[in-house]
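In this text, all values refer to a predicted model and were calculated from it rather than measured experimentally.
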Amino acid sequence: MKKRIVIFASGGGTNTQNIIEHFQQGEFAEVVLVLTNKKDAKVLERAKALQIKGISFTKDELYSEKGILPLLMDLQPDLIVLAGFLLKFPEIILQQFKMKVINIHPALLPKYGGKGMYGRHVHNAVVENQENETGITIHYVNEHYDEGAIIFQASTSVIESDTPDDVAEKVHRLEFEHFPKVIEELLKEQ
C-alpha cells in the first residue's frame with residue numbers, strides 16, 4: 001500500500017506541486033490531500049490540476065478538535081508536510097501525529113527562524129545582514145516556531161550583489177531539489 005502524505009500550504013503552492021509530481025511518478029507514496037488556510041490560495045488550483053483533493057479551512061477549524069483533526073484521523077497520513085504554511089501548527093494535531101509533521105524553512109536554522117520569519121522577510125534579513133550563505137532547513141514541527149529537530153539542511157552562497165529576489169531564487173532551487181527526496185527518505189525509514 002502506498003504511503004500517504006497530506007500537505008498544508010498557504011500560498012502559491014510551487015513546492016506542493018513539485019512534491020505531488022515527484023510522487024506521481026512512482027508507486028511508493030502519494031499526496032492524498034492538500035489543505036490551506038486561504039480559500040483563494042493558488043495551491044488549490046495546482047492541486048486540482050493534478051487531480052489531488054484540496055480543502056480550505058478557517059483558523060478556528062484548524063485549532064478545534066472538531067475541525068481538521070477528525071479529517072486527519074480518518075486519513076491517517078504517514079507524513080504531514082508543511083510547505084509554505086504560515087500558521088502556528090496546532091498542538092492537538094502534533095499530539096496525534098508525533099514525529100510525523102515536518103516543515104521546510106527558507107534559511108539555515110537556527111538563524112532567521114521564529115514568528116514572522118518566513119519567505120521574503122527571511123531573504124531581506126539575509127541580505128541586510130550581509131550573510132555569505134543561506135539555505136533551507138527541513139525539520140520536525142513542535143509547539144514552537146522553527147524549533148523542532150533538524151532533519152536536513154542544504155546551503156547556497158550569497159554574494160554581495162544578491163538582492164532578496166536573487167536569494168529567494170537560490171533558496172527555491174534548493175527546495176525543489178531536496179524537499180521531495182527528504183520526504184521520500186523519511187517515509188522509507190518508517
Could you check whether any side-chain heavy atom of [X] comes within less than 4.5 Å of a side-chain heavy atom of [Y], counting everything from C-beta outward?
X      : Y      : value
Ser56  : Leu44  : yes
Asn18  : Pro180 : yes
Thr58  : Tyr63  : no
Ile183 : Ile5   : yes
Asp78  : Gln190 : yes
Ile19  : Phe179 : yes
Val158 : Asn132 : no

Decide whether a cation-pi geometry holds between Lys188 and Phe28; the criteria are a distance under 6.0 Å from NZ or CZ to the six-membered ring centre and an angle within 45° of the ring axis.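 Ring-cation test returns yes.
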Is the Phe8-Phe89 ring centre distance short of 6.0 angstrom? yes
Is Lys38 atom NZ crowded by more than 12 heavy atoms from other residues, nucleotides or ligands, each under 6.0 Å away?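 12 or below, so no.
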Taking NZ in Lys2 as the centre, count heavy atoms belonging to other residues, nucleotides or ligands within less than 6.0 Å. Is the count above 12? yes
Non-neighbouring partners of [X] that pass side-chain hydrogen bond (donor to acceptor under 3.5 Å, both in side chains), sequence neighbours left out:
X      : value
His178 : none
Lys100 : none
Asp162 : Lys170
Arg4   : none

Parallel, tilted or perpendicular: which fits the ring planes of His105 and His139, with parallel below 30° and perpendicular above 60°? perpendicular
Checking side-chain contact (heavy atoms from CB on, under 4.5 Å) between Leu33 and each of Ile80, Ile7, Leu75, which is the one that passes?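 For Leu33, the side-chain contact (heavy atoms from CB on, under 4.5 Å) test succeeds with only one of Ile80, Ile7, Leu75, which is Leu75.
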Only residue of Gln24, Gln25, Gln17 satisfying side chain to side chain donor-acceptor pair (under 3.5 Å) with Glu21 is Gln17
How would you list, by chain and number, every residue that makes a salt bridge (charged side-chain N to carboxylate O under 4.0 Å, His left out) with Glu45, sequence neighbours excluded?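 By the salt bridge (charged side-chain N to carboxylate O under 4.0 Å, His left out) rule, Glu45 matches Lys42.
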Tell me, please, which residues at least two apart from Lys111 pass salt bridge (charged side-chain N to carboxylate O under 4.0 Å, His left out). Glu131
Should Lys181 and Glu185 be marked as a salt bridge (charged side-chain N to carboxylate O under 4.0 Å, His left out) after you check the CA-CA gap, both sets of side-chain angles, and the distance that decides it? CA-CA 6 Å; Lys181 293 176 192 170; Glu185 285 306 309; over 6 Å; no
Given 3.5 Å as the limit, does a donor-acceptor pair link the side chain of [X] with the main chain of [Y], or not?
X      : Y      : answer
Thr36  : Ala9   : yes
Thr134 : Ala107 : no
Arg46  : Thr16  : no

Going by atom types only, do Glu175 and His172 share a side-chain donor-acceptor pair under 3.5 Å? yes
Does one hydrophobic cluster hold both Leu108 and Val182, with members joined at side-chain heavy-atom distances below 4.5 Å?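 Each belongs to a different hydrophobic cluster.
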